[in-house]
S.K.: 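Just dropping this structure here.
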There are 2 protein chains.
Amino acid sequence: MLSARKSPKRRATRRRDSERTRERLLQAASREIYRSGFQSASLDTILTVAGVTKGALYYHFDSKEALGHAVVDEVIAPDVRGKWVRPLQSGKDPIDALIGAVQRIPVRPADVRGGCQLNNLAQEMSPLDAGFRKRLAIIFDAWREAVASVLREGQTHGSVRRDVEPADAAGLLIAIIEGYASLAKNAQDPKVMKAGIRNIVGWLRSLRPPGNRKRG
Amino acid sequence: MLSARKSPKRRATRRRDSERTRERLLQAASREIYRSGFQSASLDTILTVAGVTKGALYYHFDSKEALGHAVVDEVIAPDVRGKWVRPLQSGKDPIDALIGAVQRIPVRPADVRGGCQLNNLAQEMSPLDAGFRKRLAIIFDAWREAVASVLREGQTHGSVRRDVEPADAAGLLIAIIEGYASLAKNAQDPKVMKAGIRNIVGWLRSLRPPGNRKRG
DNA sequence: TAACATACATACTGGTTGGTATGTTGTCAG
DNA sequence: CTGACAACATACCAACCAGTATGTATGTTA
């Protein structure tokens, strides 16, 4: 049957179109939330950026809140996984891996001025919406656990000082990163972030055992 | 003349009433901005909290933006001066003074969940409004300079390590404080802030010269 | 081919927003 | 006693907001 070969293909195309519309909405929402915060991001603006209409939006998402939650789950979470969780599982020297991840933090003016997407949303929405808070907390926990895990592993191989408390150090690293990102965003100045990264790298090197310093 | 004694008094009372109205508006605005951010803070809510009407608001301030700027100048800036600039000029041991200021950071649930007022506003408004950014940058600069200054003074008296770069260390301290405040706000958990403060205090003690450690 | 579901598009609504126009009251110099 | 002004109070407005009701083109199924 000719239609039997054609129908599934059409259906698949249709579904792929729908998924692409959904994806464009997520990307546009992510961008607008990044620009002006969740509450101030206008649905109409998101729709214009995405190039779709309100009917499409409310077909894919129940509400603005649901769209925001989806952005956290499907845009922000994978981003953190790709930049912090996976690179730390590479098996390289733990401190080198951490330094590498820190140095890969984008310092282009546009990125610095916008701040950290994860932190932005957490600061705005965690006190106001439990749905956001729980999703964002999961991301922060995964990030901290990935850092703590690689530090623990380093301790067993002798490449990280034994007197370092992995969980504490992981929390401190994330606090410093977010703190510098905040200061740099406030100053609207990439230099602040670059200086911060240098300080962070210096601190990370101090986590090596005294006899095992690779550089500096 | 009886009226000559009465008139100035009445006029002074009137002026004091007006200033009180202005002050109530600033306090209410500060509180609402702290709760939900500047953009999402509704003027009507601020007016209800302050117990005044829109006419009074627009008599004292040109716009919502002007009200926000006044909150930065007249509420947030004095608060930072009172908590960080003045206490560090007390002439005490620099590290002790810094530890004291850090330990005086409020850790009540309500405070932790709301985050840092300065950082909240900076994160939200610095990329969007130059008026906010400049005012907030002045506060951050004063804070950093106060810390750097006390560290420099400590170096001349031998109570702070000479290899510490005061400006760098001051920036790092502020970054860590804001970073932990962010994490604690996101987690909505005072324990995160308390643990952060312990870590900060430990780091501050490490700034003493090796032979001059007072405790720990 | 007729009924039906998917994936939208369009037009609209009630509520809220910052801002304004105008009215009112107490104070005071002349 | 009388304009004049400071310090509001009240009523209102256009713009914008998230959300909805309804229409429709396209592909699928019986």
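The chains referred to below are lettered A, B, ... by the order of the sequence lines, with proteins before strands, and numbering in each begins at 1. Computed from a prediction, not measured in an experiment: that's the story for all the values here.
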S.K.: Among D/dA9, D/dC8, C/dA9, which nucleotide has an atom closest to any side-chain atom of B/V52?
M.R.: D/dA9

S.K.: Please set out all donor-acceptor pairs under 3.5 angstrom arising from side-chain atoms of residues 112-120 of chain A, sequence neighbours excluded.
M.R.:
residue: A/Q117; atom: NE2; partner: A/S30; partner atom: OG; Å: 2.6
residue: A/N120; atom: OD1; partner: A/K185; partner atom: NZ; Å: 3.2
residue: A/N120; atom: ND2; partner: A/G114; partner atom: O; Å: 2.8
residue: A/N120; atom: ND2; partner: A/C116; partner atom: O; Å: 3.4

S.K.: Can you list the residues that meet the ring-ring contact (aromatic ring centres under 6.0 Å, His included) rule with A/Y180, with sequence neighbours excluded?
M.R.: none

S.K.: Looking at A/Y59, I'd like to know whether one of its side-chain N or O atoms comes within less than 4.0 Å of OP1 or OP2 on C/dC8.
M.R.: no

S.K.: My understanding is that only residues two or more places apart in sequence, or in another chain, count here; which of them pass ring-ring contact (aromatic ring centres under 6.0 Å, His included) with A/Y34?
M.R.: none

S.K.: Could you tell me the separation between the CD atom of B/E19 and the C1' atom of D/dC8, rounded to a whole number of Å?
M.R.: 15 Å

S.K.: D/dC8 phosphate, OP1 or OP2: any side-chain N/O from B/H60 under 4.0 angstrom?
M.R.: yes

S.K.: Let me know the distance between CZ of B/R20 and P of D/dA7, rounded to the nearest Å.
M.R.: 14 Å

S.K.: Kindly determine whether A/E32 and A/T45 satisfy side-chain hydrogen bond (donor to acceptor under 3.5 Å, both in side chains), including the steps that lead there.
M.R.: CA-CA 8 Å; A/E32 285 307 302; A/T45 306; 5.1 Å; no

S.K.: Enumerate, atom names and distances included, each donor-acceptor pair closer than 3.5 Å involving a side-chain atom of residues 46-60 of chain A, sequence neighbours excluded.
M.R.:
residue: A/T48; atom: OG1; partner: A/D44; partner atom: O; Å: 2.9
residue: A/K54; atom: NZ; partner: A/D44; partner atom: OD1; Å: 3.1

S.K.: When you measure from every atom of DNA chain C, which of residues 21-33 of chain A have a heavy atom less than 4.0 Å away?
M.R.: A/T21

S.K.: Going by ring pair (Phe, Tyr, Trp, His ring centres under 6.0 Å), name the pairs with one or both residues in residues 76-123 of chain A, residues two or more places apart or in two chains.
M.R.: A/W84-A/W143

S.K.: Just to verify, what does A/R22 make a salt bridge (charged side-chain N to carboxylate O under 4.0 Å, His left out) with, not counting sequence neighbours?
M.R.: A/E74

S.K.: According to ring pair (Phe, Tyr, Trp, His ring centres under 6.0 Å), does anything in residues 85-116 of chain A pair up with another residue at least two apart or in another chain? List the pairs.
M.R.: none

S.K.: To the nearest Å, how far apart are B/L57 CG and D/dT10 P?
M.R.: 15 Å

S.K.: For each nucleotide in nucleotides 15-20 of chain C, reading 5' to 3', give B when a protein heavy atom comes within less than 4.0 Å of its base, S when such contact involves only the sugar-phosphate, and - otherwise.
M.R.: --SBBB

